[in-house]
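Chain letters run A, B, ... following the sequence lines, proteins first, then strands; residues in each count from 1.
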Number of protein chains: 2
Amino acid sequence: MWVMSLRIALLGLLTAYGSASGYDLTKAFERSVAHVWQAGHSQIYPELAKMTADGLVTVEAEGARGRKIYSITPEGREELRAWLLGHEPTGPARSEIALQAFLLPLLESGEARAVLQRLKTHMERRLTELEALWEARHAAPGLKGASGVRFGNLALDLGIRQMRTTLQWADDAIAQLGGQT
Amino acid sequence: MWVMSLRIALLGLLTAYGSASGYDLTKAFERSVAHVWQAGHSQIYPELAKMTADGLVTVEAEGARGRKIYSITPEGREELRAWLLGHEPTGPARSEIALQAFLLPLLESGEARAVLQRLKTHMERRLTELEALWEARHAAPGLKGASGVRFGNLALDLGIRQMRTTLQWADDAIAQLGGQT
DNA sequence: AATTACATGTAAGCGGTTACATGATTGT
DNA sequence: ACAATCATGTAACCGCTTACATGTAATT
């Protein structure tokens with residue numbers, strides 16, 4: 001039962017925004033958490049319903065177009081707090097890049113180099129996106145959290161660093177292959 | 001349809017080992033790929049059955065205790081090759097650490113620091129394990145791939161680098177929090 | 001009038017985890 | 001005899017993706 005991270009992400013967003021509809025949360029997901037976790041509306045709506053049943057959120061009001069406005073309850077706040085303070089991250093994230101890295105020696109070195117090169121191009125594009133986001137955040141005022149740090153900046157920093165590390169790894173791997181052809 | 005990475009991992013292992021039973025593959029998973037991808041026997045046995053039906057592997061022989069020995073077919077080899085050469089890695093891996101990082105500003109800085117510290121301890125332990133594995137691999141002769149590189153070394157290198165990066169990030173995040181208390 | 005954006009849901013199917021279930025062989 | 005390991009499978013449940021389905025309000 002203790003993975004349930006969609007729940008946690010939603011509680012986090014509700015804490016940050018105060019109150020929001022399922023639609024708002026879906027959009028907020030796309031804009032922010034999406035770099036770290038994905039979820040579509042078809043997953044979010046039923047989850048909000050379950051969370052309402054579990055008393056973690058409530059329907060505060062119903063607006064135009066059937067819009068339901070949710071807010072977090074004290075129980076929800078407690079659940080979020082408990083997760084943040086007590087959650088032990090489970091085993092290594094399953095990463096397709098890592099799997100590709102694992103299997104790469106099965107290719108001959110010329111092909112392996114081509115794969116790494118393609119991977120690099122892909123990652124460079126992503127890195128540029130993340131860096132642009134970073135710049136934008138440091139120019140415009142953002143959503144503030146309890147400790148005054150902008151919401152999501154730490155995660156963005158982590159993402160950028162990991163991308164750079166992976167790029168460096170790809171470079172070194174290519175260099176190594178080159179020496180063994 | 002194009003995620004299917006368990007299939008790919010199994011084909012990769014079968015290529016490396018030549019032939020193996022479902023049991024062997026399950027054990028091999030635990031020992032090697034597990035740092036990158038997890039799968040239990042309850043997933044592997046049915047998948048091998050499906051792969052047999054799809055002509056990617058064949059039951060080469062049946063040994064003692066109902067042991068079925070699988071080997072890869074030319075079609076299987078082709079499938080693996082196509083994936084390695086052609087697979088575009090999809091969006092960012094969903095990582096629990098990253099989600100925690102994202103939500104961390106919702107805690108007050110003392111608590112956030114404690115969470116980061118716990119995360120660090122956890123990651124330091126994992127890093128030590130990975131480094132021990134690295135040392136072991138450089139001492140003992142390992143499984144060799146087509147290009148002469150030891151199978152899985154590239155992935156292990158990537159894992160170690162990412163772990164170090166994440167540790168550095170945690171240190172810097174703690175330092176930042178310290179300055180804001 | 002037509003299109004876009006808002007807004008909410010359900011259903012099918014897949015991948016993955018945990019637990020259940022069974023039995024043979026080897027080592028102590 | 002008993003335990004551990006070998007060896008294979010099934011069932012229930014959950015999380016996630018894709019697609020289906022419906023309707024309202026604002027914009028052009």
Side-chain angles (χ1 to χ4, degrees), chain A residues 1-11 17 19-31 33-34 36-54 57 59-70 83 89-96 99, chain B residues 1-11 17 19-31 33-34 36-54 57 59-70 83 87-96 99:
Chain A
M1 193 179 180
W2 273 105
V3 186
M4 285 263 106
S5 303
L6 173 59
R7 234 162 224 242
I8 301 302
L10 289 173
L11 289 173
Y17 286 93
S19 60
S21 69
Y23 187 85
D24 294 336
L25 289 169
T26 304
K27 293 294 157 189
F29 236 92
E30 281 167 18
R31 263 181 277 112
V33 202
V36 147
W37 203 274
Q38 295 109 277
H41 76 274
S42 67
Q43 209 187 337
I44 289 173
Y45 288 130
E47 188 62 31
L48 283 170
K50 273 189 249 165
M51 287 163 79
T52 307
D54 293 349
V57 297
V59 178
E60 195 184 60
E62 302 211 18
R65 275 170 283 186
R67 180 182 167 90
K68 287 180 193 167
I69 292 146
Y70 291 92
W83 186 87
T90 56
R94 67 188 37 152
S95 142
E96 290 179 40
L99 181 59
Chain B
M1 192 179 181
W2 273 105
V3 186
M4 286 264 109
S5 303
L6 172 59
R7 234 161 222 242
I8 300 303
L10 289 173
L11 290 173
Y17 285 94
S19 61
S21 69
Y23 188 84
D24 295 335
L25 289 169
T26 305
K27 292 295 159 189
F29 236 92
E30 280 166 21
R31 265 181 276 113
V33 203
V36 147
W37 203 272
Q38 295 108 278
H41 76 274
S42 66
Q43 209 187 338
I44 288 173
Y45 288 129
E47 187 63 31
L48 284 169
K50 271 189 250 165
M51 287 163 79
T52 307
D54 294 349
V57 298
V59 180
E60 195 184 59
E62 302 212 17
R65 276 170 285 189
R67 181 184 167 90
K68 288 181 192 166
I69 292 146
Y70 290 91
W83 187 87
H87 180 72
E88 284 285 333
T90 55
R94 68 189 36 155
S95 143
E96 290 179 40
L99 181 60

> Just how far is it from atom CZ of B:R31 to atom OG1 of B:T26, taken to the nearest 0.5 Å?
Replying inline: 10.5 Å
> Given atom CD of A:E30 and atom P of D:dT17, what is their separation to the nearest angstrom?
Replying inline: 12 Å
> Can you name the closest pair of heavy atoms from B:Q38 and B:Q43 and give their distance?
Replying inline: O-OE1, 4.5 Å
> Between C:dA7, D:dC16, D:dT8, which one does the side chain of B:K68 approach most closely?
Replying inline: D:dT8
> Under 4.0 angstrom, heavy atoms only, what part of the nucleic acid is A:R65 near: base, sugar-phosphate, or nothing?
Replying inline: base
> Hey, what's the ring geometry for A:H41 with A:Y45, parallel, tilted or perpendicular (30° and 60° as the breaks)?
Replying inline: perpendicular
>> Reading DNA chain C from 5' onward, which residue's closest nucleotide shows up sooner: B:K50 or A:G22?
In response: A:G22
>> Using a strict threshold of under 4.0 Å (side-chain N to carboxylate O), is an ion pair present between B:E62 and B:R67?
In response: no
>> On a heavy-atom basis, which atom in B:I44 and which in B:L10 lie closest, and how many Å separate them?
In response: CG2-CD2, 4.2 Å
>> My validator wants the stems of DNA chain C: runs of 3 or more consecutive Watson-Crick or G-U pairs, both distances under 3.5 Å, written as range with range.
In response: C:1-28 with D:1-28
> Would you find a donor on one side and an acceptor on the other, under 3.5 Å apart, between the side chain of B:D24 and the backbone of B:S21?
Replying inline: yes
> In whole angstroms, how far is the C1' atom of D:dT8 from the CD atom of B:E62?
Replying inline: 11 Å
> When the distance from CD1 of B:I8 to P of C:dG16 is rounded to whole Å, what number comes out?
Replying inline: 12 Å
> Rounded to whole angstroms, how far apart are CZ on B:F29 and P on C:dG15?
Replying inline: 14 Å
>> In whole Å, I'd like the distance from the OH atom of A:Y70 to the C1' atom of C:dA7.
In response: 11 Å
> Could you state the CZ-C1' distance from B:R7 to C:dC14, rounded to the nearest angstrom?
Replying inline: 12 Å
> Could you state the OH-P distance from A:Y23 to D:dT24, rounded to the nearest angstrom?
Replying inline: 17 Å
>> So, taking the atom named CG in B:L6 and the one named CZ in B:F29, what distance separates them when rounded to the nearest 0.5 Å?
In response: 5.0 Å
> Near DNA chain C, under 4.0 Å by heavy atom, which residues of residues 41-48 of chain A?
Replying inline: A:H41, A:S42, A:Y45
> So, for A:W83 and B:L99, which heavy atoms are closest and what is the spacing to 0.1 Å?
Replying inline: CH2-CD2, 4.0 Å
>> To check you understand the geometry: which heavy-atom pair defines the closest contact between B:L48 and B:G22, and what is its length?
In response: CD1-CA, 3.6 Å
> Once you round it to whole Å, what is the distance between C1' of C:dT25 and CZ of B:R67?
Replying inline: 13 Å
